[in-house]
Amino acid sequence: MPEDAPAIFYDFPSLPAGSRQIAAETTWDLPSVGPGATANVDVTVHGAWRGDFADASLDTSSIAFVLDCHVRSNDKVRVTARNVSASMADLAAVPLSVNVLKRRVS
């Protein structure tokens, strides 16, 4: 199994063998976003590669935004916030967490 092999064998030597998750956290001050509109931010996640799974979370109780994210390029995750409310939404700066799950090597 790849997770049992030394890290160097599955192309990511800074991750310990068997580990597949990488996380990053930053602060995002979203601009004012109208109904149905989106805002994007690119987050650096060292070791993320295109095709890896990505997920994001905002530390807020607001239900105005739905988040989507993907690994846009090596080491960069694009997070998109869509305003799903019927009015303009503007959040203060909030913590943004990004988690990347490395693909399994078969």
Indicate the atoms forming the closest heavy-atom contact of [X] with [Y], along with that distance.
X     : Y      : value
Asp52 : Lys102 : OD2-NZ, 2.8 Å
Thr44 : Ala24  : O-CB, 3.8 Å
Ile22 : Ala48  : CD1-N, 4.1 Å
Gly47 : Asp75  : N-OD1, 2.7 Å

Interatomic distance, CG@Asn74 vs NE2@His46, rounded to 0.5 Å, equals 12.5 Å
If you round to the nearest 0.5 Å, how far is CZ of Phe53 from CD of Gln21? 12.0 Å
With salt bridge (Lys or Arg N to Asp or Glu O under 4.0 Å) as the rule and sequence neighbours excluded, what pairs involving residues 32-50 come up?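 Listed once each, the pairs are Asp42-Arg72, Asp42-Arg78.
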Give the table of side-chain donor-acceptor pairs shorter than 3.5 Å for residues 80-101, with sequence neighbours excluded, one pair per line with atom names and distance.
from	atom 1	to	atom 2	distance (Å)
Thr80	OG1	Asn40	OD1	2.7
Arg82	NH1	Gly36	O	3.3
Asn83	OD1	Ser85	N	2.8
Asn83	OD1	Ser85	OG	2.7
Asn83	ND2	Val33	O	2.7
Asn83	ND2	Gly34	O	3.3
Asn83	ND2	Ser87	O	2.9
Ser85	OG	Ser87	N	3.4
Ser85	OG	Ser87	O	2.9
Asp90	OD2	Ser32	OG	3.2
Ser97	OG	Glu25	OE1	3.0

Under the 3.5 angstrom rule, does the side chain of Lys76 hit a backbone N or O of Trp49 as a donor-acceptor pair?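 No.
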Joint hydrophobic cluster, Leu67 plus Leu30, side-chain heavy atoms closer than 4.5 Å: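 Yes; Leu30 is reachable from Leu67 via cluster members.
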